[in-house]
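Everything below concerns the one structure shown next.
Whatever order the structure lists them in is the order used to number ligands and atoms, beginning at 1. All residue numbers in this chain count up from 1 along the given sequence. Note: hydrogens, waters and symmetry copies are ignored here, and every other heavy atom, side chains too, is used. What you see is a predicted model, and the numbers here were worked out from it, not measured in a lab.
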Amino acid sequence: MKKAVYPGSFDPITIGHMEILQRSLEVFDEVTILLAVNPNKKSTFSVDERLEMMRNATKDLKGVKVDFCPGLTVDYCHKNNATHLIRGLRAVTDFEYEFQLSAANHFAAPDIDMVFFMAKQENTFISSSTINELYRAGVDISPLVPPIVVEMYKRKTK
Ligand code: ADP
């Protein structure tokens, strides 16, 4: 069984993340979307809120697990017998960060390889921070996120 891990901040999960996840399921038997802590980012949603959104958004997808890892994602892969890390690429700006991340991961765990999926063209502008900004500006974000995310924003602003 081929297992992969798709790590990210998912703050919140978007249709861009979902699209990469669905494509990765065509390559791997099991994909864990892993809430990983990015120390460079200030979060909008708590860990529990993000996990709830990730679980709800993926509940109908076969072969998907949702988990949280406060430590290194490559350690998580070793513990869970996953061989690959999935990431998405939207633009050249993503490339530089992802290239460095891949080198750091390779240094820490040469047996874990990274697999990159190119964003669908119409999703290239979608990022969690853009969603947050659009929502705060009063724009309808429902076409860009799973329905649970809209609910969670409403719950938060009540
Ligand atoms: P991180 O803080 O680890 O970058 P994110 O949740 O922002 O976490 O992103 C997780 C991964 O998903 C990254 O590889 C990112 O490039 C990718 N990603 C985010 N949004 C999209 C999108 N719209 N299309 C394709 N990939 C995306």
Would you be so kind as to tabulate the donor-acceptor pairs closer than 3.5 Å made by side chains of residues 66-81, with sequence neighbours excluded?
unit_1 : atom_1 : unit_2 : atom_2 : d
Asp67  : OD2    : Tyr76  : OH     : 2.6
His78  : NE2    : Asp111 : OD1    : 3.1
His78  : NE2    : Asp111 : OD2    : 2.8
Asn80  : ND2    : Tyr76  : O      : 2.8

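With hydrogens and angles left out, the side-chain atoms of Ser46 and Asp48 include no donor and acceptor closer than 3.5 Å.
With sequence neighbours excluded, the residues forming a salt bridge (Lys or Arg N to Asp or Glu O under 4.0 Å) with Arg23 are Glu19, listed by chain and number. Partners of Glu133 under the salt bridge (Lys or Arg N to Asp or Glu O under 4.0 Å) rule, at least two apart in sequence or in another chain, do not exist in this structure.
The pair Arg155-Glu49 fails the salt-bridge criterion, with no side-chain N (NZ, NE, NH1 or NH2) lying under 4.0 Å from an Asp/Glu carboxylate O.
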Report the C-alpha distance between Thr14 and Leu144 in whole Å, list the side-chain angles of each, state the deciding distance to 0.1 Å, and finish with yes or no for side chain to side chain contact (heavy atoms under 4.5 Å, CB included). CA-CA 6 Å; Thr14 69; Leu144 308 178; 6.0 Å; no
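Pocket lining of ligand 1, defined as residues with a non-hydrogen atom under 4.0 Å away: Tyr6, Pro7, Gly8, Ser9, Phe10, Gly16, His17, Ile20, Asn38, Lys41, Arg87, Gly88, Arg90, Asp94, Glu98, Ala119, Asn123, Ile126.
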